[in-house]
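The next block holds one structure in the form of structure tokens; read it before the comments.
These numbers were taken from a predicted model, which means no experiment stands behind them. Values reported hereafter were calculated over all heavy atoms of this structure, with side chains retained and with hydrogens, waters and symmetry mates removed.
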Amino acid sequence: MYIRDGSLALLSGVLLSLSFPKFGHSVIAWVSLAPLLLVLSGRLGSIERLSGKSQTVILNSPDMGWACALGLLTGFGYFTGTLYWITGVMVTYGGLDLWQGIVVNGLLVVGLSVFPLLFTLTVALLSSRLGWLRLIVIPSVWVATELGRTYVLGGFPWALMGYSQVNVLPVVQIASVVGVYGVSWLVVMINVALVDCVLVRGRERVINVGCAALTLVLVVVWGSWRLSDNKLTRDGTSIRIGIVQGNIAQKDKRILGLRQSILETYLTASRKVAAEGARLIVWPESATPFVFEENVAGSEMVRKLAIEANVHVLFGSEEVKNEPTFQYFNAAFLVNQNGRSGGVYRKMHLVPFGEYVPFRQVLFFADKLVASVSDFSAGTTPSTFVVDGHRISTAICYEVVYPALIHQFIGEGSELITTITNDAWFGRSSAPHQHFAQAAMRAVEQGRYLVRSANTGISGIVDPYGRVLARTELFTRDTVVGDVRWLQGKTIYGRTGDLFAYLCSLFSIAGLLVLGTMRLSRKPSSVHRRTL
């Protein structure tokens, strides 16, 4: 029994990981939680059906402990499958031995698995009181744990379930109303309905499954209408964008003798896209092989390019501040067409183990990693830039997976979303594909064009409906030229932000409080346990 239940929970984790690129498919997400929910609803479940009658099952402490174990198993499969590539990054670039890389990766997987644990524990606690409400409550609890994963200890909202649907355009349009969390809620609801097909009988099954099916149909119909309406591709004024994908090997950036040739790679490609009419040229994260403001000769070459080509250049570089204390930033700079600096944005969400090492004292065994990673300082302001009288924003590297940050940019008046990154660290793993998909979600949520420049790919342009207009291949030197539009209107999500996710969290907490009050007010006279 325990082996079977544990295997089903692990299966859910594996199916979750297979819902994302590059090895998975979005369809799998719609059934991914079904094995876990079958275990929770069958062995731990809210209803035991005997001779067509229902009896409430009160869960005791051992059941709660097993629910936690099921959540950990699901999380293990989920995050091992989606974050396996971190081991390679730690070994290749962090100087760790293989076993050390596996341990660091494993610690992250275990830490993130706490959130599926909280999901299974909460569902188990509430299960005896859910009834028909499980169609609403269970998805809400899942969203609450995803929201927690976004913020707790700095957050790591990689591979939220809603991202699995970014290529299913009629479905993902609902993100313009409720964000990626709302897409997650929808997918979990369908999983619950599928389980109800097995566990629930009679009128209740018809109602639950019917409501879930109707909701999905309405979302798809509305999403299809929104796509056909296509209004945002006609609004605003257009600007031609040039993207440069330098494809600079990570090891080459550290070689002093290659600095000039690296810069020339970007300058030459920029002249090419400028000749094709690009007005704004976007380079990747850390594109300049020097600290921009500290290297006069290098910075003058970039300024000269902007003046001669009559273009704006947005690019990543480091920034050093010595007053009042030493600070080292991963930053984005804009050089305007007149060669003058148009501002700087300092990265606000730093990459754990890449730009800082969390829990340095705990990771004493990974001394090589601790020594090799510089402690960057985090920026504090969602700064935007002005190009031809219009505001643009840029997210650096993985901070584009934080929905609230992009929402802040839109609140600051951003009319175009850009994101710059260096995904060379990830090799040819799933990570670059996952990263690109998550960036595309921001375009749908905010109703903005998204321009992405990645050192080794994937670079591209995404329209406000999530359509990929241009996309490069990995590890190729390439350029992209395309037209986007300045957009000023806001989607419903652009106005409300993560309100839906917070409401789901409050709903889940309220359910736990009500349950606690009920259990304190009366003691169950008997406990019914299902034997499977």
- Task: Give the intermediate values and the outcome of side chain to side chain contact (heavy atoms under 4.5 Å, CB included) for residues Tyr163 and Val401.
- Result: CA-CA 10 Å; Tyr163 288 127; Val401 306; 4.3 Å; yes
- Item | Heavy-atom check, side chain of Leu232 versus side chain of Arg226, under 4.5 Å | yes
- Message: For a 4.5 angstrom cut-off between non-hydrogen side-chain atoms, does Leu499 reach Tyr493?
- Response: no
- Task: Check whether any side-chain heavy atom of Thr491 sits under 4.5 Å from a side-chain heavy atom of Val177, and report yes or no.
- Result: no
- Message: Students often mix this up, so state it plainly: with edges at 30° and 60°, are the rings of Tyr78 and Trp142 parallel, tilted or perpendicular?
- Response: parallel
- Message: Tell me whether Arg346 forms a cation-pi arrangement with Phe329, defined as NZ or CZ under 6.0 Å from the six-membered ring centre and within 45 degrees of its axis.
- Response: yes
- Query: Would you call the rings of Trp185 and Phe500 parallel, tilted or perpendicular if under 30° counts as parallel and over 60° as perpendicular?
  - Reply: perpendicular
- Query: Between Trp225 and Trp222, what is the ring plane arrangement, given parallel below 30°, perpendicular above 60°, and tilted in between?
  - Reply: tilted
- Item | Partner of Asp196 under salt bridge (charged side-chain N to carboxylate O under 4.0 Å, His left out), chosen from Arg203, Arg134, Arg205 | Arg134
- Task: If the plane angle is over 60° it's perpendicular, under 30° parallel, otherwise tilted; pick one for His349 and Tyr402.
- Result: parallel
- Note on the structure: Shortest non-hydrogen pair, Ala332 vs Ile396, comes out as N-CD1, 3.7 Å
- Task: Examine the side chains of Thr384 and Glu412 and answer whether a donor and an acceptor come within less than 3.5 Å of each other.
- Result: no
- Item | Test item: side-chain donor near acceptor, Thr150 and Tyr181, under 3.5 Å | yes
- Message: Using ring centroids (six-membered ring only for Trp), state whether Phe409 and Tyr345 fall under 6.0 Å.
- Response: yes
- Item | Sidechain-backbone polar pair: Asn208 side chain, Ala193 backbone, donor-acceptor under 3.5 Å | no
- Query: Are any of the side-chain heavy atoms of Lys490 and Ile410 separated by less than 4.5 Å?
  - Reply: yes
- Message: Has Gln438 got a side-chain atom pairing as donor or acceptor with Gln434's backbone, closer than 3.5 angstrom?
- Response: yes
- Item | Donor-acceptor pair between Ser19 and Ser164 side chains, under 3.5 angstrom | no
- Quick one: does Thr120's side chain have a donor or acceptor within less than 3.5 Å of a partner on Ala67's backbone? yes
